[in-house]
Amino acid sequence: MKTCPTCTANNLDLAETCTQCNYVWQEIRSAKFPQDLITKIENVAPSSKSKWALGLGLFAIVLVLFTGICAPIPGLWASVIGYREIDAMKKENRYSKTGEQYCTAGIWAGWIATAMSILLLALGSIYSIWVYQWVKGTFIY
């Protein structure tokens, strides 16, 4: 029999919580989530590929926003690298929360930069057609 440290009620040895006050025993928590597993998962540093995904995604965003250069290629590469690295982390059991955050941010930045690049290309094409029609109508009879 286990005696609850908070309410002194008697409980079965296999009980995870106290029947009176729902106190959870510390040894049960550590048995369900071993400290070695928790620290192993949390202490894995982000990989270089996850950093590349984030870097390429941010680079593509900067190209599109601040220079007006259409940059779908770095954006697509950031997305591809991010997706592949997340899959590799899950398959190889080297999960890193920070690495997953880097990859996710890189994927989002890559897709946003790609969409903005396509929008800029479309607007540039429409503007070019409009200018061509204006020149044709104004100067060519």
message: Taking Y102 as the starting point, is it possible to reach Y83 by hopping between hydrophobic residues whose side chains are less than 4.5 Å apart?
response: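 No, Y83 and Y102 fall in different hydrophobic clusters.
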
query: Is there a chain of hydrophobic side chains (I, L, V, M, F, W, Y, each step under 4.5 Å between heavy atoms) that links F66 to L120?
result: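 Yes, it is one cluster - the side chains of F66 and L120 are joined through contacts under 4.5 Å.
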
Between the main-chain N or O of [Y] and the side-chain N or O of [X], is there a donor-acceptor pair closer than 3.5 Å?
X   : Y   : value
N22 : T17 : no
S50 : S47 : yes
T8  : C4  : no

- prompt: What's the verdict on side-chain contact (heavy atoms from CB on, under 4.5 Å) for T114 and V64, showing C-alpha distance, side-chain angles and the deciding distance?
  reply: CA-CA 9 Å; T114 302; V64 172; over 6 Å; no

- prompt: Can you check side-chain contact (heavy atoms from CB on, under 4.5 Å) on T104 and I86, steps first, answer last?
  reply: CA-CA 8 Å; T104 304; I86 287 176; 4.0 Å; yes

Find the distance between [atom1] ([X]) and [atom2] ([Y]) and round it off to the nearest 0.5 Å.
X    : Y    : atom1 : atom2 : result
Y132 : S128 : OH    : OG    : 12.5 Å
K49  : C103 : NZ    : SG    : 10.0 Å
I129 : K136 : CD1   : NZ    : 12.0 Å
L56  : L63  : CG    : CG    : 10.0 Å
L123 : M116 : CG    : CE    : 11.0 Å
L65  : L58  : CG    : CG    : 11.0 Å

Where do [X] and [Y] come nearest, in terms of heavy atoms and distance?
X   : Y   : result
A9  : C18 : CB-SG, 4.1 Å
K51 : P46 : CE-O, 3.9 Å
P74 : A60 : CB-CB, 4.0 Å

message: Go through it in stages, so that I can follow the logic: the residues are L76 and W111, the test is side-chain contact (heavy atoms from CB on, under 4.5 Å), and I'd like the CA-CA distance, side-chain angles, deciding distance and then a yes or no.
response: CA-CA 7 Å; L76 289 173; W111 281 118; 4.1 Å; yes

message: Run the side-chain hydrogen bond (donor to acceptor under 3.5 Å, both in side chains) test against N10 and tell me which residues pass, sequence neighbours left out.
response: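 By the side-chain hydrogen bond (donor to acceptor under 3.5 Å, both in side chains) rule, N10 matches T3.
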
task: Given side-chain contact (heavy atoms from CB on, under 4.5 Å), test F59 with W77 step by step and report yes or no.
output: CA-CA 11 Å; F59 175 69; W77 272 109; over 6 Å; no

